[in-house]
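Encoded as structure tokens, the structure appears first; notes follow it.
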Amino acid sequence: MKSKGSSFVTIAEAHSEVESIKLKMLLDRTGIPYFVRGDQLHSVMGDIYGATAFGPRQFVVPERYQQQVEEMLQELFEVTVELPSHCPACGTRTQPDRLECPECGLYLG
């Protein structure tokens with residue numbers, strides 16, 4: 001008889017202790033089971049050396065929760081930027097898809 005196992009997927013990486021704590025808090029609130037690949041190495045080696053030597057911590061969840069977690073992360077980290085319609089430096093009308101003024105090159109974001 002073949003046992004039914006779960007497949008696991010990496011849904012996020014944390015490059016620092018602060019990022020790791022934020023992701024742990026989010027996942028703990030949802031109740032979704034997860035584990036952190038590389039967490040013990042970072043704890044022993046320290047944040048800077050651990051990240052340099054072993055790479056970022058990887059947050060892993062069962063595959064069946066992948067879409068749910070990705071949607072929550074997308075919503076959490078969604079950034080909307082409202083750009084001005086006219087450049088504050090030269091008054092030129094700005095383009096909605098550009099982060100700099102077409103006339104003077106001022107960064108608008």
Side-chain angles (χ1 to χ4, degrees):
M1 186 167 160
K2 192 174 181 181
S3 68
K4 223 177 188 180
S6 289
S7 296
F8 293 89
V9 293
T10 301
I11 49 97
E13 293 183 341
H15 296 271
S16 70
E17 186 67 27
V18 173
E19 286 179 2
S20 181
I21 290 169
K22 288 179 181 179
L23 285 165
K24 285 177 185 178
M25 289 172 61
L26 173 72
L27 290 168
D28 285 343
R29 261 189 245 139
T30 65
I32 293 172
Y34 70 94
F35 68 92
V36 184
R37 192 177 291 141
D39 209 22
Q40 294 80 6
L41 296 172
H42 285 265
S43 296
V44 172
M45 303 306 279
D47 209 27
I48 294 172
Y49 182 73
T52 304
F54 307 112
R57 293 172 179 96
Q58 295 180 341
F59 284 76
V60 180
V61 299
E63 191 172 30
R64 66 181 179 267
Y65 294 109
Q66 180 179 4
Q67 184 176 357
Q68 181 182 353
V69 173
E70 286 177 351
E71 287 172 1
M72 287 184 333
L73 290 173
Q74 180 69 28
E75 190 177 306
L76 181 67
F77 294 110
E78 190 174 301
V79 177
T80 55
V81 178
E82 274 194 40
L83 300 175
S85 61
H86 290 82
C87 175
C90 69
T92 303
R93 184 162 179 78
T94 59
Q95 299 169 355
D97 61 339
R98 302 280 315 242
L99 291 177
E100 65 276 336
C101 173
E103 183 66 31
C104 69
L106 178 70
Y107 179 72
L108 302 168

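Source: prediction; values computed, not measured.
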Could you tell me which non-hydrogen atom of [X] sits nearest to which non-hydrogen atom of [Y], and how far apart they are?
X: A12; Y: L73; answer: CB-CD1, 4.2 Å
X: L23; Y: E13; answer: CD1-O, 4.2 Å
X: G91; Y: H86; answer: O-CD2, 3.4 Å

Would you say the side-chain atoms of T10 pair up with the backbone N or O of F59, donor to acceptor, closer than 3.5 Å? no
Would you find a donor on one side and an acceptor on the other, under 3.5 Å apart, between the side chain of S7 and the backbone of E63? no
If you round to the nearest 0.5 Å, how far is CD1 of I11 from CD of Q68? 11.0 Å
Return the NZ to CD distance between K24 and E19, rounded to the nearest 0.5 Å. 12.5 Å
With sequence neighbours excluded, tell me which residues meet salt bridge (Lys or Arg N to Asp or Glu O under 4.0 Å) with [X].
X: K22; answer: none
X: R98; answer: E100
X: E70; answer: none

The criterion is side chain to side chain contact (heavy atoms under 4.5 Å, CB included); which residues satisfy it with L106, sequence neighbours excluded?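 In terms of side chain to side chain contact (heavy atoms under 4.5 Å, CB included), with neighbours along the sequence ignored, L106 is linked to C87, P88, A89, C101, C104, L108.
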Sequence neighbours excluded and cut-off under 3.5 Å, please list the side-chain donor-acceptor pairs for residues 29-36, or say none.
unit_1	atom_1	unit_2	atom_2	d
T30	OG1	L27	O	2.7
T30	OG1	I32	N	3.1
Y34	OH	D28	OD1	2.9

